[in-house]
Number of protein chains: 2
Amino acid sequence: MEVHEYKRDEWIIREGMRPDYLYYVIEGKAKIYLTYQNGKVSLINFINAHDYIGEMELLHEVYYTKGIQATSKLICFAIPLHHCRKRLLEDTTFLRELTKFLSMKATKMAEKYSQSLSFPLENRLADFILQTADGEIYKEKHVTVCDFLGVSYRHLLHVLVQFCEKGYLEKEERHYSIRQNDALHRLADVLKNK
Amino acid sequence: MEVHEYKRDEWIIREGMRPDYLYYVIEGKAKIYLTYQNGKVSLINFINAHDYIGEMELLHEVYYTKGIQATSKLICFAIPLHHCRKRLLEDTTFLRELTKFLSMKATKMAEKYSQSLSFPLENRLADFILQTADGEIYKEKHVTVCDFLGVSYRHLLHVLVQFCEKGYLEKEERHYSIRQNDALHRLADVLKNK
DNA sequence: CCCGAAATAGGAGATATCTCATATTATTAT
DNA sequence: ATAATAATATGAGATATCTCCTATTTCGGG
């Protein structure tokens with residue numbers, strides 16, 4: 001097992017290229033990207049500490065590999081597949097761990113899918129702001145957020161302006177401050193199931 | 001292990017109620033539903049032969065259970081959790097199998113999520129029609145389809161009418177016939193990654 | 001065979017979201 | 001420090017999609 005370290009913006013896996021390792025993230029963050037034929041790029045999900053990378057390629061001989069890019073310094077264990085695949089796939093503890101990880105991943109994606117179809121940006125953005133805010137400071141990059149929530153930059157701005165006009169947020173220098181937590185919560189709660 | 005049989009429209013698992021079994025579908029089809037607070041119902045996915053049901057509850061103590069309803073006669077194995085959970089979670093062959101199943105599920109959901117955000121109904125419907133058509137006959141129920149693709153009934157109709165006007169489909173008595181396979185393919189191919 | 005519920009169908013207007021165009025301001029590399 | 005690049009902003013018009021309404025048709029149960 002090796003320890004790999006990546007810098008911000010470095011590609012851990014390039015789209016379409018099978019990785020040689022199974023990674024386990026110790027520290028740092030990354031993004032999963034997918035490119036469509038027409039050039040559209042979709043930010044599928046975020047990766048955080050304790051997530052696996054490359055588990056799909058461990059399990060499936062044939063798989064279209066998505067691109068993974070570090071968004072901060074990222075440190076991970078890297079387990080060489082050619083050497084360890086067989087042993088990993090026979091290790092009960094590892095399999096049980098991986099099963100849990102995958103089941104959560106599947107659940108989360110299903111949730112996101114369903115929510116994206118069922119609710120306008122207003123609700124999903126409120127949820128996203130609450131989830132990513134640091135105290136009452138929200139300062140995600142707009143470009144990333146609109147990739148993640150799957151809306152145009154223009155529309156994201158539009159809804160943010162609405163939030164400000166309604167007094168939910170207040171725009172400061174280089175970030176937004178949450179002014180009405182409860183209002184955002186009300187919008188975000190609509191996403192929860194009964 | 002028991003064999004359970006469900007009739008069309010029967011609920012295999014009711015939303016919010018933890019199931020007592022892990023199911024493995026031998027034959028038949030089902031749908032996974034989720035209800036939101038505001039009453040909106042979302043059809044999350046279809047279940048087919050060789051899929052598992054209840055695997056989330058096997059793995060997680062705390063989990064909001066989604067509703068699962070048979071759409072045809074459905075026959076499955078039912079493995080009582082209270083009796084077998086421990087043994088299942090120590091069985092390498094089973095875990096490896098479940099891991100593969102879950103990884104495909106996660107991948108599929110991620111794909112659907114990303115596609116739903118990136119493309120209009122036109123493309124997603126073309127793909128859906130090609131995937132569910134029996135030869136050149138398409139005859140899914142509109143109500144189900146709009147739940148699945150996450151659009152309103154009205155809008156689904158609208159796009160179907162367009163397809164007919166463009167000559168891609170032709171409406172017959174109680175179904176649609178595919179007239180221009182290639183045109184639909186061109187629309188559906190946009191969903192594929194590069 | 002009849003009835004009520006579910007499914008289909010389509011009009012009309014509202015809203016969410018997109019595209020394109022154009023400035024201005026940060027950030028990064030040289 | 002400068003120039004190039006990425007990110008932020010905003011207007012205006014187009015389109016995708018929704019909601020509400022109202023008929024008509026189909027279908028399963030008594």
Side-chain angles (χ1 to χ4, degrees), chain A residues 7-10 31 33 36 38-43 69 71-72 115-126 128 138-166 169-176 187 190-191, chain B residues 7-10 31 33 36 38-43 69-73 115-126 128 138-166 169-176 187 190-191:
Chain A
K7 295 185 209 112
R8 184 160 181 280
D9 292 338
E10 204 173 342
K31 295 188 276 195
Y33 280 110
Y36 288 103
N38 63 5
K40 240 186 212 213
V41 173
S42 179
L43 170 52
Q69 185 181 35
T71 49
S72 69
Q115 290 173 356
S116 74
L117 291 177
S118 303
F119 302 101
L121 180 61
E122 185 179 44
N123 300 100
R124 295 182 289 131
L125 180 59
F128 182 80
Y138 168 76
K139 54 175 173 184
E140 294 300 317
K141 274 197 189 161
H142 296 341
V143 276
T144 306
V145 177
C146 59
D147 276 351
F148 185 62
L149 296 180
V151 295
S152 67
Y153 185 90
R154 190 66 193 81
H155 188 51
L156 173 62
L157 255 298
H158 182 231
V159 175
L160 277 171
V161 167
Q162 282 186 0
F163 281 2
C164 290
E165 280 170 357
K166 288 179 185 162
L169 296 179
E170 190 176 338
K171 190 171 173 181
E172 319 259 318
E173 291 305 309
R174 223 163 258 61
H175 65 263
Y176 293 80
L187 285 175
V190 176
L191 300 187
Chain B
K7 295 187 209 111
R8 184 160 181 281
D9 292 338
E10 203 173 343
K31 294 187 279 194
Y33 281 110
Y36 289 101
N38 63 5
K40 240 184 211 214
V41 173
S42 179
L43 169 53
Q69 186 180 35
T71 49
S72 68
K73 191 179 82 168
Q115 292 173 355
S116 75
L117 291 177
S118 303
F119 302 100
L121 180 61
E122 186 179 42
N123 300 99
R124 296 182 289 130
L125 180 59
F128 182 80
Y138 167 77
K139 54 176 175 184
E140 294 298 317
K141 274 197 190 165
H142 296 340
V143 276
T144 306
V145 177
C146 59
D147 277 350
F148 185 63
L149 297 180
V151 294
S152 67
Y153 186 90
R154 191 64 194 80
H155 189 52
L156 173 63
L157 253 303
H158 182 232
V159 175
L160 277 172
V161 167
Q162 282 185 359
F163 281 2
C164 290
E165 279 169 357
K166 290 178 184 163
L169 297 179
E170 190 175 339
K171 190 170 174 184
E172 318 259 317
E173 291 305 309
R174 221 163 260 62
H175 65 263
Y176 293 80
L187 285 175
V190 177
L191 300 187

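Reminder, nothing fancy here: chain letters follow the sequence lines and each chain counts from 1.
- When the ring pair (Phe, Tyr, Trp, His ring centres under 6.0 Å) test is applied to B:Tyr138, no partner is found at least two apart in sequence or on another chain.
- Between the CG atom of A:Leu157 and the C1' atom of D:dA6 there is a distance of 15 Å, given to the nearest Å.
- Atom NE2 of A:His175 is surrounded by more than 12 heavy atoms from other residues, nucleotides or ligands within 6.0 Å.
- Comparing atom distances between the A:Val161 side chain and each of C:dG10, C:dT8, D:dT10 picks out D:dT10 as nearest.
- The separation between A:Arg174 atom CZ and C:dT24 atom P is 18 Å, rounded to whole Å.
- Distance B:Leu160 CG to C:dA7 P: 16 Å, rounded to the nearest Å.
- Residues A:Tyr176 and A:Phe163 place their aromatic rings such that the two centres sit no closer than 6.0 Å.
- Here the C1' atom of nucleotide D:dT25 and the NE2 atom of B:His142 are 12 Å apart, to the nearest Å.
- Along DNA chain D, the nucleotide closest to B:Lys40 and the one closest to B:Arg8 are compared, and the more 5′ of them pairs with B:Lys40.
- Separating the CG atom of B:Asp9 from the P atom of D:dG28 is a distance of 10 Å, rounded to the nearest angstrom.
- Rounded to an integer number of Å, the gap from CD of B:Glu140 to P of C:dT8 is 11 Å.
- Of the possible donor and acceptor atoms, one in the side chain of B:Lys40 sits under 3.5 Å from a partner among the backbone N and O of A:Ser118.
- A heavy-atom distance below 4.0 Å to DNA chain C is reached by these residues of residues 117-124 of chain A, ordered by number: A:Pro120, A:Leu121.
- Take B:Ser152 and apply the side-chain contact (heavy atoms from CB on, under 4.5 Å) test, not counting sequence neighbours, and it matches B:Arg154, B:His155.
- Rounded to an integer number of Å, the gap from B:His158 NE2 to C:dG10 C1' is 11 Å.
- Atom NZ in A:Lys141 sits roughly 14 Å away from atom C1' in C:dT25 (whole-Å rounding).
- With ring centers used as reference points, B:Phe148 lies under 6.0 Å from B:Phe128.
- Residues from residues 146-156 of chain A placing a heavy atom under 4.0 Å of any atom in DNA chain C, listed by number, are A:Gly150, A:Val151, A:Ser152, A:Arg154, A:His155.
- The salt bridge (charged side-chain N to carboxylate O under 4.0 Å, His left out) analysis of residues 115-124 of chain B, with sequence neighbours excluded, yields the pairs B:Glu122-B:Lys166.
- A:Glu170 meets the salt bridge (Lys or Arg N to Asp or Glu O under 4.0 Å) test with A:Arg179; sequence neighbours excluded.
- Smallest separation of non-hydrogen atoms from A:Gln69 and A:Asp9: NE2-O, 3.0 Å.
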